[in-house]
Amino acid sequence: MPDAGLRIESIGVRYGAVTALDRVSLTAAPGEHIAIIGPSGSGKSTLLRCAAGLVRPGAGAVRWGDEVWSESGAGRFVQPERRKIGMITQSPALWPHLSARKHMLAVLRWRGVRREARSAEADRLLEIVGITARADHRPAQLSGGEAQRLALARALAGGSRLLLLDEPLGQLDAPLRRSLAATLRDVAKRMNAATLHVTHDPAEALRIADRVVALVDGRIVQEGAPDHFAENPESSFVRSALGNG
Amino acid sequence: MKNVSAPAGGLERALVGVAIAAALLGAFVAGVWPVLLAFSDLLRDPGRAIGVLLEGLLWRRFGLSIGIAGATLAIALPLGLLQGWLLTRADLPLRRLMLAITPLPLFLPPLVHALSWFGMLRLSGLPAIVLVYVISFTPLITLAAAIALRQVGREHSETMRLIGGRRLVFLDDLRQALPAGLIGSAFALVFLLSDFAVADFLTSVGAKVTVYADALYTLHMVGRSGAVAGATLPGVALCLVALAIALRARRRLGAAVGARHQAAAPLSLGAWRAPAFLFALTIVFAGTVLPFGALAWKTGSFGVLHEQFVIARPRIGFTLLAGALAATIMTALSAPLAALTLRLRRPWLLDLLIALPLATPALFYGVGLIRAWNRPAFDAIYVGVGVVLIAMVGRYLPITLLLTSGAAERLDRGAFDAARLAGAGPLARLWRIAIPLTMTPVIGAWCVSFCFTLRELDTLIMLRAGQSSLTFHLYSNIVFARSDETAALALILSLTTAAPLILFLLLFRRSLRSL
Ligand SMILES: Nc1ncnc2c1ncn2[C@@H]1O[C@H](COP(=O)(O)OP(=O)(O)OP(=O)(O)O)[C@@H](O)[C@H]1O
Ligand SMILES: [Mg+2]
């Protein structure tokens with residue numbers, strides 16, 4: 001049993017009559033990049049929110065190594081702010097009153113980075129996502145893609161051990177998307193962070209992920225290495241998504 | 001299986017719980033308890049209570065008041081909506097200035113408007129009463145609509161424009177402003193039903209018009225307490241319904257404002273611009289410039305103003321202190337109550353409980369306050385500023401709560417989740433996210449509460465300590481003093497209200513501009 005890494009064990013989430021997740025299990029080791037694909041409404045965001053602790057699953061457990069993050073019944077629950085997670089949600093959820101740079105400084109402070117180191121680290125993060133020139137702009141003054149890149153920088157700040165990325169590159173043009181996806185992968189590897197990366201672009205999933213997971217109707221229908229995945233599609237969704245159905 | 005969103009930590013829950021309990025206790029002591037005490041007369045003297053409800057006279061007076069209110073709102077609602085739209089969403093010259101002076105009439109009790117208009121037009125009778133109320137309450141609707149319309153997003157408005165042109169933008173804006181307009185109307189109705197002074201003053205010569213609040217006052221003066229309690233019931237019921245509708249309408253005031261919200265640009269009116277400008281100007285002129293000009297003209301000289309200022313100085317201090325304290329208490333109480341409202345599945349029950357003292361005719365709420373606090377043990381509170389504070393807080397808390405909980409509901413939850421994930425604990429989230437994001441509406445709530453407490457007359461008139469207030473001083477002067485002195489006092493009251501607001505707005509100009 002690994003002493004670090006995310007382990008999601010048979011979790012279930014229901015919203016009234018809708019079953020958003022049904023006995024989903026998934027692991028992600030440090031440094032591992034997992035792409036999650038699935039049709040709209042299949043439960044991808046819900047899965048990420050469970051890992052983050054923003055939704056508490058009604059069944060199953062979420063663990064990190066031997067820490068129990070959330071467990072049904074037992075009532076054990078680790079607050080999201082204690083989990084050291086970087087997350088990008090589908091809508092960037094930026095802080096309207098803070099400039100790009102202040103976004104970075106706030107997170108670094110909350111993550112306990114020393115005061116002297118914060119400024120340089122903030123600049124470095126903005127540099128990675130390529131919005132250094134917009135450092136003093138507030139979210140309302142950023143373009144859609146710039147806002148998304150700011151959200152990306154925020155998720156990377158402060159040494160997260162788990163990255164939860166919900167469509168992190170959705171608003172970017174293709175070349176930028178490709179280069180940022182590669183950067184993202186490198187940075188995550190260097191941070192040795194486990195990554196769950198939801199994407200609507202199957203080619204991107206196959207290109208950057210170590211493992212691909214397909215979610216349909218709240219269930220995992222296929223899971224495996226990218227090449228294996230492309231060669232043996234096991235469901236109609238995967239077949240049509242990869243364009244060989 | 002059942003899933004819930006992330007629960008808060010133990011300490012955080014405990015602190016929030018304590019704050020909510022304290023706020024509920026405050027709202028109960030200041031508001032609900034006096035009302036219950038006043039209504040205990042129903043049980044003590046049920047015969048008289050039922051008797052008065054069977055009298056045709058009471059219902060005629062009630063009907064008359066409703067008629068006046070209906071006529072007032074039939075004019076004020078469309079006027080206020082249109083004016084609010086013109087001053088926020090149209091490219092009119094001077095619209096910011098016009099919007100800035102729109103609240104001025106709200107600084108004065110309606111009676112003072114009666115005074116200034118009566119001097120100008122020699123109007124009397126029912127039309128004069130309606131006119132005075134239209135002047136007094138249209139700004140409430142204008143401002144409510146203006147606030148709602150500032151939330152209209154650029155992308156939304158542009159989409160509407162592409163679909164249906166400027167006409168559709170206008171109609172869609174009106175749809176967005178209507179809930180706010182209804183909220184303003186509900187409050188106008190509540191104040192109007194509690195006011196007896198305007199009708200009394202405007203029909204002091206000629207055929208006397210006796211309104212509902214006046215009838216209650218007479219019953220109170222002849223000491224038929226069970227009858228007062230009974231006669232109050234229809235008014236309370238009507239006001240509660242109106243306030244319940246208003247508080248529900250708050251939920252339709254607009255969706256969460258995301259981080260990248262951009263206000264829609266004002267619409268260019270083209271050929272309509274000149275007539276629209278004239279229209280807006282006329283309303284500002286009739287509602288604000290003319291009454292205040294008339295007061296200044298009546299005052300005549302700076303000497304009179306200064307003389308009255310010197311006489312009223314201790315009352316100005318008292319009123320400012322009480323108003324600022326009350327507004328601060330209300331704002332502080334409303335924050336945990338807003339948090340509670342967000343959590344409740346049926347918040348309207350809490351809304352109604354808090355609205356109860358405002359729905360109760362001011363005079364009757366005053367009776368309850370006397371019952372609650374006029375005891376030897378509470379002398380320190382009853383004789384001093386304490387009971388005045390309680391009266392103001394009990395009565396105007398629903399307004400503060402309406403504004404703060406509206407702001408809380410529009411907060412983007414994603415911004416909080418993001419802060420949690422970034423490692424921000426409860427205090428950091430409060431300090432770095434919640435306070436900056438709600439600062440503007442909370443400051444606004446403070447200002448509005450302050451303004452209402454300063455013009456409060458109908459309850460304070462019942463309390464001995466309330467007689468130290470500037471509004472009461474003004475009221476007794478209207479009856480007994482020279483008209484130049486009264487006009488000077490009215491100006492002093494407006495300046496007293498405006499001065500702290502202007503100071504406040506200047507101090508917080510930066511954070512206000514950010515919205
Ligand atoms: N708060 C909620 N209340 C009720 N139902 C919800 C809620 N959140 C999600 N759902 C439902 O749960 C299901 C899964 O939603 P989820 O957001 O996880 O989908 P998704 O895979 O992320 O979709 P997309 O690709 O469109 O973002 C959907 O059917 C959705 O309608
Ligand atoms: Mg999603």
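These numbers come from the heavy atoms of this one structure, side chains and all, not from hydrogens, waters or symmetry mates. So you know, we letter chains A, B, ... as the sequences are listed, proteins then strands, and number each from 1.
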Which heavy-atom pair separates A:Lys44 from A:Ile36 by the least distance, and what is that distance?
CG-CG2, 4.1 Å
Is the shortest distance from a Lys or Arg side-chain nitrogen in A:Arg124 or A:Glu121 to a carboxylate oxygen in the other one below 4.0 Å?
yes
By ring-ring contact (aromatic ring centres under 6.0 Å, His included), which residues pair with A:Trp69, not counting sequence neighbours?
A:Trp64
Top contributor to chain A interface from B:Gly414, B:Gly425, B:Gly423 [non-hydrogen pairs under 4.5 Å]
B:Gly423
Before you tell me yes or no, could you show the steps for B:His156 and B:Asp172 under side chain to side chain donor-acceptor pair (under 3.5 Å), namely the whole-Å CA-CA distance, both residues' side-chain angles and the distance that decides it to 0.1 Å?
CA-CA 10 Å; B:His156 174 84; B:Asp172 179 65; 2.7 Å; yes
Can any side-chain N or O of B:Gln176 pair as donor or acceptor with the backbone N or O of B:Leu149 at less than 3.5 Å?
no
So which of B:Ala419, B:Ala422, B:Ala418, B:Ala428 has the biggest tally of heavy-atom pairs under 4.5 Å with chain A?
B:Ala422
For chain B, which residues of residues 83-90 of chain A have at least one non-hydrogen atom nearer than 4.5 Å to it?
A:Ile85, A:Met87
Does a side chain donor of either A:Ser119 or A:Arg101 reach within less than 3.5 Å of an acceptor in the other side chain?
yes
Taking 4.5 Å as the heavy-atom cut-off, does anything in residues 103-112 of chain A contact chain B, and if so which residues?
A:Ala106, A:Val107, A:Arg109, A:Trp110, A:Arg111
Would you call B:Glu158 and B:Arg154 a salt bridge, taking side-chain N to carboxylate O under 4.0 Å as the test?
yes
Would you say A:Thr46's side chain and A:Ala20's backbone share a donor-acceptor pair under 3.5 angstrom?
no
Would you check, one step at a time, whether the test side chain to side chain donor-acceptor pair (under 3.5 Å) holds for B:Thr404 with B:Ser334?
CA-CA 7 Å; B:Thr404 40; B:Ser334 69; 3.1 Å; yes
For B:Phe170, enumerate each residue passing the ring-ring contact (aromatic ring centres under 6.0 Å, His included) test, keeping only those at least two apart in sequence or located in another chain.
B:Trp85
